[in-house]
Amino acid sequence: MALRKIVTLPEPVLRRKAHAVTKFDKNLQVLIDDMVETMREAPGVGLAAPQIGLSERLIVIEYFEREEDEEKEDAPKKVWTVLNPEIIKASEEKLLGVEGCLSIPGLVGEVERHASIQVKGLNRHGKPMKIKAEGWLARIFQHEIDHLNGILFTDRATRVWKPQDEVEPEQEV
Ligand code: NI
């Protein structure tokens with residue numbers, strides 16, 4: 001495995017709509033493992049392929065599977081690898097939360113996201129998968145899927161600031 005370089009604004013790939021993944025070969029497996037390693041090293045709780053300069057519809061997330069585990073320090077986290085992810089259901093209820101992004105260092109913002117969502121996509125071997133997410137996990141999925149469409153949290157934020165001024169974000173994505 002190898003670390004990949006995380007690109008930051010104004011890198012144009014971050015603003016591009018990424019292409020669907022169609023080849024599930026060995027290179028893809030290496031890329032996925034590299035992305036997980038890069039996310040952990042950053043450290044972050046999510047990473048989208050455009051953030052390492054690749055315009056492909058691929059995200060990795062590592063977070064608590066159950067919302068109630070967010071408060072427990074020793075609760076296990078789970079890794080999700082989703083190719084060509086799509087939000088197929090979203091709650092009417094939305095929640096405000098403070099987000100940061102590994103591709104926009106030094107800035108955080110308050111963003112409204114659906115409280116719970118359902119995502120469909122393909123796993124690393126090309127098999128269909130569905131995920132139900134709520135709380136922060138739902139927020140991370142929405143943030144990462146936005147990356148695949150060239151959308152950054154600053155586009156959706158109701159308020160953006162430099163974190164040293166105020167509250168730190170809980171996680172970088
Ligand atoms: Ni991000």
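What you see is a predicted model; the values in this text were computed from it and never measured.
Under the 30°/60° scheme for interplanar angles, the aromatic rings of Phe153 and His143 are found to lie parallel.
Residues Val111 and Arg139 form a side-chain contact, since some pair of their non-hydrogen atoms from C-beta on lies under 4.5 Å apart. Side-chain contact between Glu144 and Pro85: absent, with no pair of heavy atoms (C-beta onward) separated by less than 4.5 Å. With contacts defined as side-chain heavy-atom distances shorter than 4.5 Å, the pair Glu112/Thr158 does not qualify. Two residues are said to be in side-chain contact when any heavy atoms from C-beta on lie closer than 4.5 Å; Arg159 and Leu96 fail this criterion. When side chains are defined from C-beta on, Asn27 does not count as touching Val30, because their heavy atoms never get closer than 4.5 Å. The shortest side-chain heavy-atom distance between Ile131 and Val82 falls under the 4.5 Å cut-off. Contact of the Ile151 side chain with the Ile145 side chain is not registered, since no non-hydrogen atoms from C-beta on lie closer than 4.5 Å. Side-chain contact check for Ile59 versus Phe141: some heavy-atom pair is nearer than 4.5 Å.
A continuous path of ILVMFWY side-chain contacts below 4.5 Å connects Ile87 to Trp80, so both sit in one hydrophobic cluster. Follow the hydrophobic side-chain contacts under 4.5 Å out from Leu148 and you never reach Ile88; the two are in separate clusters. Linking Ile, Leu, Val, Met, Phe, Trp and Tyr whenever their side-chain heavy atoms come within less than 4.5 Å puts Met35 and Ile6 in one cluster. In the hydrophobic clustering of this structure, Val36 groups with Leu102; members are Ile, Leu, Val, Met, Phe, Trp, Tyr whose side-chain heavy atoms approach within less than 4.5 Å, directly or through other members. Connection of Leu137 to Ile117 is established within a shared hydrophobic cluster, with ILVMFWY side chains joined at heavy-atom distances below 4.5 Å, either directly or through further cluster members.
The two residues Trp136 and Val98 have their closest heavy-atom pair at CH2-O, 3.1 Å. Between Asp69 and Ala75, the shortest heavy-atom contact is CB-CB, 3.6 Å. Glu134 and Ser116 get closest at one heavy-atom pair: CB-CB, 3.9 Å. Ala138 and Ala115 make their closest contact through CB-O, 3.6 Å (heavy atoms, listed as atom of the first residue, atom of the second, distance). Pairing each heavy atom of Gly100 with each of Val108, the nearest pair is CA-CG1, 4.2 Å.
Atom CG of Leu107 sits about 12.0 Å away from atom OG1 of Thr8, to the nearest 0.5 Å. Taking CG of Leu83 as the reference point, atom CG of Leu58 lies at 5.0 Å (rounded to 0.5 Å). Separating the NE2 atom in His114 from the NZ atom in Lys94 is a distance of 4.5 Å, to the nearest 0.5 Å. To the nearest 0.5 angstrom, Lys120 atom NZ is 5.0 Å from Glu86 atom CD.
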Next item on the list: Applying side chain to side chain contact (heavy atoms under 4.5 Å, CB included), run through Gln29 and His125 and close with a yes or a no.
Entry: CA-CA 8 Å; Gln29 306 308 316; His125 305 295; 4.0 Å; yes

Check: What's the verdict on side chain to side chain contact (heavy atoms under 4.5 Å, CB included) for Met129 and Leu122, showing C-alpha distance, side-chain angles and the deciding distance?
Finding: CA-CA 5 Å; Met129 65 190 292; Leu122 303 173; 5.9 Å; no

Next item on the list: Could you give me the CA-CA distance, side-chain angles and deciding distance for Val60 and Arg124, then say whether side chain to side chain contact (heavy atoms under 4.5 Å, CB included) is met?
Entry: CA-CA 10 Å; Val60 295; Arg124 62 189 295 159; over 6 Å; no

Next item on the list: Could you go through the side chain to side chain contact (heavy atoms under 4.5 Å, CB included) check for Leu152 and Arg15 one step at a time?
Entry: CA-CA 8 Å; Leu152 301 170; Arg15 287 305 192 180; 3.5 Å; yes

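Side chain of Glu37 to main chain of Asp33: no donor-acceptor pair is present (N/O by atom type, distance under 3.5 Å, no hydrogens or angles). Between the Arg57 side chain and the Val21 main chain, no donor and acceptor come within less than 3.5 Å of each other. Asp25 places a side-chain N or O within donor-acceptor distance of the main-chain N or O of Leu28, the cut-off being under 3.5 Å. For the pair Arg4 (side chain) and Asp34 (backbone), a donor-acceptor distance under 3.5 Å is absent. Formation of a donor-acceptor pair under 3.5 Å by the Asn84 side chain with backbone atoms of Ala20 is not found in this model.
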For a quick test of your reading: what N or O donor-acceptor pairs under 3.5 Å do the side chains of residues 41-54 make, sequence neighbours left out?
unit_1, atom_1, unit_2, atom_2, d
Gln51, OE1, Ala48, N, 3.0
Gln51, NE2, Ser103, OG, 3.0

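Classification of Lys77 and Glu62 as a salt-bridged pair fails, no side-chain N sitting under 4.0 Å from a carboxylate O. With respect to the salt-bridge test (charged N to carboxylate O, under 4.0 angstrom), the residues Asp146 and Arg113 qualify.
By the neighbour-count criterion of 12 heavy atoms within 6.0 Å, atom CD of Glu68 is densely surrounded, having more than that number from other residues, nucleotides or ligands. When the shell of 6.0 Å around NZ of Lys72 is examined, it contains more than 12 heavy atoms from other residues, nucleotides or ligands.
Residues meeting the side-chain contact (heavy atoms from CB on, under 4.5 Å) test with Lys132, sequence neighbours left out: Gln118.
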